[in-house]
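Notes for the one structure printed next.
In the text below, chain A, chain B and the rest are named by the order of the sequence lines, each starting its count at 1. Predicted model, so just to flag it, every value in this text is computed and none were measured.
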Amino acid sequence: AQSVAQPEDQVNVAEGNPLTVKCTYSVSGNPYLFWYVQYPNRGLQFLLKYITGDNLVKGSYGFEAEFNKSQTSFHLKKPSALVSDSALYFCAVRETKTGGSYIPTFGRGTSLIVHP
Amino acid sequence: DGGITQSPKYLFRKEGQNVTLSCEQNLNHDAMYWYRQDPGQGLRLIYYSQIVNDFQKGDIAEGYSVSREKKESFPLTVTSAQKNPTAFYLCATRGTAMNYGYTFGSGTRLTVV
């Protein structure tokens, strides 16, 4: 079984400050991990993914995420937040084993609000 | 949202009426998915299809039906048996590699009037 938790419903940060959106996961074996962003009344857009290799993954719009196997976490980060980063962020996890349905489990989402 | 077209963007349904949401893709992806999104509940899987003429129920399939007659198309019908259909519906596809993530459409907002 696989699961993902986003412990914060909302994160508030001032423009120019660093931001972190938290995600922890549970899978059997090694995970594939994803971050998506959703703007109002739009579909989800892919930000970045961790498959294997370097624990620090860089993605779109200056976002990055750090894979921490011991803490089973994949927190999303950005050094300097922009007002335009305000959106809903989803973490997703999928097991890497073959023969399955390859369907990821999504977190409930974290609303990021960047204040001017 | 490029490569996946969902229509209509907004849809209104009367009580007891069936409605069909369209999802068309030109990405040549085999796998297609339908999700329902409600505030504070994240994404819940309704149906998925990994190949033409085959589809599987997801976590909340009751009151919904799908077909997959063509690779490009995966329409979702919300039937009158779905008692609380007001939600945002998202269609997604996935490439063939195991480590691919999803590509999402721009969604359809369904409201019961």
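For a residue to count as touching a neighbouring chain, one of its non-hydrogen atoms must lie under 4.5 Å from one of that chain's; by this rule Gln38(A) touches chain B with the side chain only. Heavy atoms of Gln6(B) lying under 4.5 Å from chain A are absent altogether. For Tyr10(B), the part lying near chain A is the side chain, with the backbone staying farther off; criterion is any non-hydrogen pair under 4.5 Å.
Hydrophobic cluster membership differs between Tyr64(B) and Tyr35(B), with clusters built from Ile, Leu, Val, Met, Phe, Trp and Tyr side chains linked at under 4.5 angstrom. Residues Phe88(B) and Leu44(A) fall within the same hydrophobic cluster, defined by Ile, Leu, Val, Met, Phe, Trp and Tyr side chains chained together at heavy-atom separations under 4.5 Å. Val66(B) and Ile4(B) fall into different hydrophobic clusters, defined by Ile, Leu, Val, Met, Phe, Trp and Tyr side-chain heavy atoms under 4.5 Å apart, directly or through other members. Neither Tyr50(A) nor Phe34(A) shares a network with the other; the hydrophobic side chains, linked directly or stepwise wherever heavy atoms of I, L, V, M, F, W or Y lie under 4.5 Å apart, form separate groups for each. Side-chain heavy atoms closer than 4.5 Å link hydrophobic residues (I, L, V, M, F, W, Y) into clusters, and following such links, even through other members, never connects Ile51(A) to Leu48(A).
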**Request:** Report the C-alpha distance between Tyr36(A) and Phe104(B) in whole Å, list the side-chain angles of each, state the deciding distance to 0.1 Å, and finish with yes or no for ring pair (Phe, Tyr, Trp, His ring centres under 6.0 Å).
**Result:** CA-CA 10 Å; Tyr36(A) 292 85; Phe104(B) 283 85; 5.6 Å; yes
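The stretch residues 14-59 of chain B participates, sequence neighbours left out, in these disulfide (SG to SG under 2.5 Å) pairs: Cys23(B)-Cys91(B).
Atom OH of Tyr39(A) is surrounded by more than 12 heavy atoms from other residues, nucleotides or ligands within 6.0 Å. Dense packing is recorded around NZ of Lys71(B), with more than 12 heavy atoms of other residues, nucleotides or ligands lying under 6.0 Å away. Within a 6.0 Å radius of CD in Gln10(A), more than 12 heavy atoms belonging to other residues, nucleotides or ligands are found.
Ranked by heavy-atom pairs under 4.5 Å with chain A, the first of Gln37(B), Gln41(B), Arg109(B), Gln56(B) is Gln37(B).
Separating the OH atom in Tyr48(B) from the CD1 atom in Ile103(A) is a distance of 4.0 Å, to the nearest 0.5 Å.
Inspection of non-hydrogen atoms places Phe106(A), Gly107(A), Arg108(A) of residues 105-116 of chain A under 4.5 Å from chain B. The contact list for residues 66-93 of chain A toward chain B, using heavy atoms and a distance under 4.5 Å, reads Leu88(A), Phe90(A) by residue number.
By the salt bridge (charged side-chain N to carboxylate O under 4.0 Å, His left out) test, Lys58(A) is found to be paired with Glu64(A), residues two or more places apart in sequence or in another chain being considered.
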